[in-house]
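As the structure is a computational prediction, the values presented were derived from the model and not from experiment. Below, all heavy atoms of this structure are taken into account, side chains as well, without hydrogens, waters or symmetry copies.
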Amino acid sequence: MHYYRIPKPYWKDRLLKLKGAGFNTVQTYIPWNQHEPVKGRIDFSGRKDLFSYLKLCSDLGILVLLRPGPFIAAEFEFGGFPSWLPTQSKTISFRTSEPVYLKNVLTWFSELLPMLAPYLYQQGGPVIGLQVENEYGSNPACDKPYLQSLTQHFRATLGDDILLYTVDGPGKGMLNCGTLPELYNTVDFGGGNISSHFDIQAQYNSGGPPVNIEFYPGWLSHWGSKFPSKSRTATANKLDEMLAYGASINMYMFHGGSNFGYTSGAKGNKDATNFVPHTTSYDYDAPLNEAGDTTLKYWDIRAVNSKYGPVYEVPKNSTKKSYGKVEMVYWGSILNESFINQCGSETYNVQPLSMEENKQTNGVIVYSKMIESAGTLTVGKVRDRAYLLLDNKLVFTIKGKDSNVSVGLTPGRLDIVVLSDGHMNTGHVHMLDPRNYMKGITEPVLFGTEPMLNWVVTLLPLDSMSCLHNTTPPHNQPFLPGSLYIGQIETTCDTATDTFVDTTGWGKGVTFFQTLNLGRHWPLAGPQLTLYAPGPFCRGQQSDSRITIHMVEFEQASDHVLLTDKSNLRGPVDPSQL
């Protein structure tokens, strides 16, 4: 259960529901990119306040397992790596002993680990163990000196008493590369023959209990694919079987929550030709759903756990409210000078550079240039979605899997509007050379056979809408990719409660709830149609202001959204949209 995927005011509710179901320990990753989004700038505020989370666990009598990475996977943006990391060297190699990479990792751990020390079990805190790396046996680098460097740093900072463990699938190929003799190996699996899985684990440990550190009661979801469901009966039965066997079990996920903002990642291979982004929701078909409500699966699991240990009172689910139809009024394009002046910035590239090289992580980047004569434009690699505009008219859309696209152009102003769909976190080969999938334009753009030089570049991070102070539309325009719509309801934030923004009828873009970025919407691809909008997100703003919805839309607009009390993550899917 990941603190950064849950609104901070709801941490206690979710942890009490964990304890209520009979669990005594919570496991969480620590995503480096959330805590050092800019090199040297450390952030543990709001949902990122790991230490308040640890203190709350201690107060509630819940033990903690920590997974600080540096790679976490977790269907999370870039697997937890900060976007600035690939820019540190042209030869950087992730998850290896390569000097530039390793130096940056150890510098981060030199910040993090001393802050964790007071929360260790040996110091009276709740933390009983820390994971070294993450499923490293699946990484083809198989760099044992790298694992040893991390282990030595953990020991030097935290001492010899703390349990350090690894996680891998229950196969010898993975376990051979994923662990070291001085680390306790655990395995992860959702089904199969548990005796066989635990026998393999035992071969890599000199004693100790059988541990399934990631038992899957559900599964992850992608845009353009049906929402995955896992049988509650099968989950409960397998849990019962493992507990009767005497194993220790951690559920991945017990409660998934949401990938708010731009924190959803993607799967793909090395050259991103199989790029498929994860949904904003991280519901995971987990025992607690995205909004923290107990499910039938939850009660089945609680019944099983009650046979082996104590269960406790379960808090009631929070109220969800349907506010009804919200009229969305067209404001204008985010390419307007008015919007750029408030929420963006401009720079200059000789050759078009990636988002990361322009010190931007996600959102939108626009490459602009005057075309003086008719000819053929060729775009080699662009990530992830590009809209080619000529004199403010859409002439072509490049999808994430496309490459070497050629388009005939006449003279005029060319804008290449590129939208990021999240950095990959799976497909481990790509981690060896992470520069392969930086966002934006990553190869020269040709006009005829010559590279196009001297671009005006507009940076539009779209992290929030707090930058937008002038909400009066600058002027009327037809719909363009990157059109902004604003809607309000009479309810003020001081009375706001949880709701869901139903994006049915819209295309692809980003939704904001009272200026805060809820995440990406993409109902054209499905299956997720609603975005979870927690009441505290509104109450944390100006309490006397009306609830406001902002939507930046790139493909298809409607005249309204619905604020509903029902989640819909199982809508129709269209994989051709990817």
Side-chain angles (χ1 to χ4, degrees), residues 27-44 48 50-51 53-54 64-74 76 78-82 84-86 88-89 91-123 125-139 141-168 175-186 204-205 213 428 431-432 434:
Q27 182 171 233
T28 182
Y29 285 118
I30 303 175
W32 182 5
N33 56 11
Q34 295 299 286
H35 298 298
E36 194 178 8
V38 178
K39 184 174 173 62
R41 188 183 301 169
I42 307 301
D43 183 4
F44 285 99
K48 306 173 187 180
L50 167 64
F51 308 109
Y53 189 77
L54 296 179
V64 179
L65 291 167
L66 289 178
R67 310 176 82 175
F71 175 70
I72 67 171
F76 201 66
F78 204 0
F81 287 126
W84 51 262
L85 190 56
Q88 302 303 296
S89 167
T91 58
I92 195 168
S93 179
F94 279 20
R95 308 182 74 195
T96 70
S97 299
E98 188 275 322
V100 174
Y101 166 75
L102 188 58
K103 178 182 177 182
N104 278 277
V105 169
L106 297 183
T107 298
W108 159 237
F109 279 164
S110 294
E111 291 278 354
L112 174 66
L113 298 183
M115 290 189 282
L116 294 177
Y119 298 91
L120 299 181
Y121 190 79
Q122 291 79 354
Q123 304 299 322
V127 178
I128 59 173
L130 286 90
Q131 178 184 320
V132 179
E133 244 281 349
N134 185 68
E135 295 182 316
Y136 193 72
S138 300
N139 183 10
C142 196
D143 187 340
K144 289 298 184 80
Y146 165 59
L147 284 184
Q148 289 166 345
S149 294
L150 297 183
T151 301
Q152 290 166 6
H153 193 82
F154 276 59
R155 288 285 181 221
T157 308
L158 301 177
D160 294 331
D161 293 336
I162 183 69
L163 170 69
L164 297 181
Y165 66 98
T166 59
V167 178
D168 283 291
L175 292 168
N176 284 338
C177 283
T179 191
L180 298 171
E182 61 265 37
L183 302 175
Y184 192 77
N185 172 258
T186 68
Y204 290 82
N205 291 318
I213 209 78
H428 296 275
M431 283 295 174
L432 301 178

Identify the heavy atoms of [X] and [Y] that sit nearest to each other, and give their distance.
| X | Y | answer |
| --- | --- | --- |
| Asp43 | Lys48 | OD2-NZ, 3.1 Å |
| Lys144 | Asn176 | NZ-O, 2.9 Å |
| His35 | Pro31 | CD2-O, 3.3 Å |
| Asn134 | Ala73 | ND2-CB, 3.8 Å |
| Glu36 | Trp108 | OE1-CE3, 3.9 Å |
| Gln123 | Pro118 | CB-O, 3.8 Å |

Starting at [atom1] of [X], measure out to [atom2] of [Y] and round the result to the nearest 0.5 Å.
| X | Y | atom1 | atom2 | result |
| --- | --- | --- | --- | --- |
| Glu135 | Arg67 | CD | CZ | 7.0 Å |
| Tyr165 | Asn205 | OH | CG | 13.5 Å |
| Leu163 | Leu130 | CG | CG | 8.5 Å |
| Leu158 | Leu116 | CG | CG | 7.0 Å |
| Leu150 | Gln131 | CG | CD | 11.0 Å |
| Leu147 | Thr96 | CG | OG1 | 11.0 Å |

Backbone N or O of [Y] within a donor-acceptor pair of the [X] side chain at under 3.5 Å?
| X | Y | answer |
| --- | --- | --- |
| Thr157 | His153 | yes |
| Glu98 | Leu102 | no |
| Thr186 | Thr166 | yes |
| Arg155 | Ile162 | yes |
| Trp32 | Val105 | no |

Check: When the aromatic ring centroids of Phe94 and Phe81 are compared, is their separation below 6.0 Å?
Finding: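 Between Phe81 and Phe94, which both carry aromatic rings, the centre distance is below 6.0 Å.
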
Check: Ring centres of Phe44 and Phe51 under 6.0 Å apart?
Finding: yes

Side chains of [Y] and [X]: any donor to acceptor distance under 3.5 Å?
| X | Y | answer |
| --- | --- | --- |
| Ser97 | Asp143 | yes |
| Asp168 | Tyr204 | no |
| Tyr136 | Tyr146 | no |

Beyond-backbone contact of [X] with [Y], side-chain heavy atoms, under 4.5 angstrom:
| X | Y | answer |
| --- | --- | --- |
| Pro68 | Phe154 | yes |
| Leu120 | Asp161 | no |
| Leu65 | Ile213 | yes |
| Tyr119 | Leu66 | no |
| Lys39 | Gln88 | yes |

Note to self: Does Lys103, at its NZ atom, have more than 12 non-hydrogen atoms belonging to other residues, nucleotides or ligands within less than 6.0 Å?
What the structure shows: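 No, because the 6.0 Å sphere around NZ of Lys103 holds 12 heavy atoms or fewer from other groups.
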
